[in-house]
Amino acid sequence: MELSLLTLIYLIGSVTFIIGLKMLSNPATARNGNILAAVGMTLAIAGTIFLYEDEGKKLGNYPWIFGGLLIGGIIGTVAAKKVKMTAMPEMVSMFNGMGGACAALISAVEFDHLLKASAGIPMASAGDFAPFGHYLTIIAGAIIGSVSFAGSMIAWGKLSGKVKDISFSGQHIVNLVVLLAVLAAAVFTYSIDSAYGHMFFYVTLGLSLLYGVLFVMPIGGADMPVVISLLNSFTGVAAACGGFLYDNKVMLTGGILVGAAGTLLTILMCKAMNRSLKNVLIGSFGGGSAAAGAKKEQGAYKEITLSDTAVVMSYANKVMIVPGYGLAVAQAQHACHELEKLLESKGVEVKYAIHPVAGRMPGHMNVLLAEADVSYDKLLEMEQANEEFATTDVVLVLGANDVVNPAAKTDSSSPIYGMPILDVELAKNVIVNKRSMKPGYAGIENDLFFQPKTSMLFGDAKKVLQDLIAEIKNL
Amino acid sequence: MESVLNWIAEHQQMIYIVILMIFVGIEVIGRVPSVLHTPLMSGANAIHGVVIIGAIIVMGKAESDNYLALILGFLAVIVGTLNVVGGFVVTDRMLEMFKKKK
């Protein structure tokens, strides 16, 4: 009775995951979809704690289980509530890493059980006591979980500026060697005398962690969202391994669902940047080629004062704002919305042009501007925006760089060549707000800044916007 | 070879689920607008936190003298919960902002 009830709960859980994910991909239903999946998850967890039986035995160690749930729950809620909207991508990466670590830890305990069965018998290996498939799910969970954990931690460090890009020549070969070593260690763990089993298992774990670090290390910051999405689907697969291990359908459905959806999402993100996944993972940004591109002769750029900007903007018919990461780090979304309202009160039409990969994550800008109450229908997607630039008087670029770099269309040697961009140069005037002339995240120069219709307005996005608002009010 | 075949035969239900779920996963998010990429990734991230169930099983089955299983299992429950709770709360916070202006 209780077991069939648990089966029903797992079934409900699986269905809520599928419907939840479906609802998450539509703006109108997204929030409820998330809540639905959370309810399904809560049911599945509660069901497991109270109803799960293995060979007639219920689960014990309730104090430990509830203690762990309580600690994780409190830390998780506080961290998720406190994180700034700008730091969201890092946070997702961090939580993803935790899931990976969880899968790896489960495998470590299960492997220990496996070895206990063969302990004391001379020359017996783990392989003599476990069918290959059983071992495979354990070790796959351990390897994928560790790679996902280490990779996510590096991605988190990179996005929060704690870890720098490091790439050296021959890195791909080193990575390949480490990956082969992981697989070799996994085979040894299976076939060697169980006295050494533990040692080889931990060697496998250690090498997997190392591989995770090496895997993410050389990938440029601009590609980090793609990597996080990929690691997200890795963790899904690691969770599914647990499903095989315990013959647990809800873990399997949830895991594989995320594995598949995550992989598709990764590809969609690559498409938005017009890059192939292979290109992202192997051809890392920066290094020699970008430096060579930057050497090109550049003309002079011209600066514009705040008061001139204020005049130009208040007498325009139509202003288009192009937000980028600079807006996010400066937390300037509220000031931006204020400027929008002020200009509209003066009869200026204001819209936002959102590049699909503006910021550090696709959709990042939408989330930020939504936080500042910017109305949904003012946000134009790239295609729409590109149609409207020709009728725009002033484009205000706020801390965006690579997404408005014309090199993506004209310079075939540029690392971002082929990426669709916002054609801001079609507008009558372009005002670019940046902190300095330093190149953007991809590390390349931007010809746009040197064009005659472009003026530079240096300074922190938030401060500049606040000053600009004051200037316009004084007009 | 034989053991692999046996394993497949034993787990055929599970393997069917895997294959079908791959298609469901792809189908379900196929038409997501790029606006929702970040929340969707975050929501999917919370869903794979279902791995917590494995952690609870490991923890609940650990014998009281098996310290390795107790400690690792306990850690697994903590990090798994972090993934689930943190994931859903962060996603909700992101989506809350989308909803406000209707």
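The candidate with the highest count of non-hydrogen atom pairs below 4.5 Å against chain A, out of B/V84, B/V77, B/L20, is B/V77. Contact count versus chain B (heavy atoms, under 4.5 Å) is highest, among A/I71, A/L69, A/I45, A/D54, for A/L69. Counting heavy-atom pairs closer than 4.5 Å to chain B, the top-ranked of the candidates A/T266, A/N96, A/L257 is A/N96. Between chain A and the options B/A76, B/G80, B/G49, heavy-atom pairs under 4.5 Å are most frequent for B/A76. For the set A/G40, A/G68, A/A260, A/G76, the entry with the most heavy-atom pairs within less than 4.5 Å of chain B is A/G68. Note: A/T253 leads A/T77, A/I75, A/T253 in heavy-atom pairs under 4.5 Å with chain B. Each of B/I52, B/N66, B/I15, B/V18 has some count of heavy-atom pairs under 4.5 Å with chain A, and the biggest count is that of B/V18. Chain A forms the most heavy-atom pairs under 4.5 Å with one residue out of B/V85, B/I8, B/I53, and that residue is B/I53. Among A/M91, A/E381, A/K81, the residue with the largest count of heavy-atom pairs under 4.5 Å with chain B is A/K81. For the options A/A101, A/A372, A/G242, A/S229, heavy-atom pairs under 4.5 Å to chain B are most numerous at A/S229.
Contacts between A/V83 and chain B at a heavy-atom distance below 4.5 Å involve backbone atoms as well as side-chain atoms. Proximity to chain B (any heavy atom under 4.5 Å) is shown, for A/T29, by neither the backbone nor the side chain. Residue A/F66 does not touch chain B at all, counting heavy-atom pairs closer than 4.5 Å. Neither the backbone nor the side chain of A/A79 comes within contact range of chain B; no heavy atoms are under 4.5 Å apart. Only the backbone of B/A46 comes within less than 4.5 Å of a heavy atom in chain A; its side chain stays farther off. Heavy atoms of A/N248 lying under 4.5 Å from chain B belong to its backbone as well as its side chain. In this structure, the portion of A/Y52 lying under 4.5 Å from any heavy atom of chain B is its side chain and not its backbone. Only the side chain of A/Y246 comes within contact range of chain B, with heavy atoms under 4.5 Å apart. Interface residue A/I35: only side-chain heavy atoms are found under 4.5 Å from chain B. Contact of A/A240 with chain B is not made at all, since no heavy-atom distance falls under 4.5 Å.
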Which side-chain N or O atoms in residues 67-74 of chain B pair as donor and acceptor under 3.5 Å with protein atoms at least two apart or in another chain?
none

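Atoms CZ and CE, from A/R31 and B/M94 in turn, are 13.0 Å apart once rounded to the nearest 0.5 Å. Of the inter-residue distances, the one linking A/S152 atom OG with B/N45 atom CG reads 8.0 Å to the nearest 0.5 angstrom. Rounded to the nearest 0.5 Å, atoms CG (A/L268) and CD1 (B/I29) are 6.0 Å apart. Rounded to the nearest 0.5 angstrom, A/W64 CH2 and B/I56 CD1 are separated by 15.5 Å. Between the CG atom of B/L75 and the SG atom of A/C102 there is a distance of 10.0 Å, given to the nearest 0.5 Å. Atom OG1 of A/T263 sits about 8.5 Å away from atom CD1 of B/I22, to the nearest 0.5 Å.
B/L82 and A/M98 get closest at one heavy-atom pair: CD1-SD, 3.7 Å. Taking both residues in full, the closest heavy atoms of B/T91 and A/L24 are given as CG2-CD2, 4.3 Å, listed atom of the first, atom of the second, then distance.
Side-chain contact check for A/D247 and B/H11: no donor-acceptor pair (N or O, by modelled atom type) lies under 3.5 Å.
Screening A/I65, A/L59, A/I106 for a side-chain contact (heavy atoms from CB on, under 4.5 Å) with B/M59, the sole residue that qualifies is A/I65.
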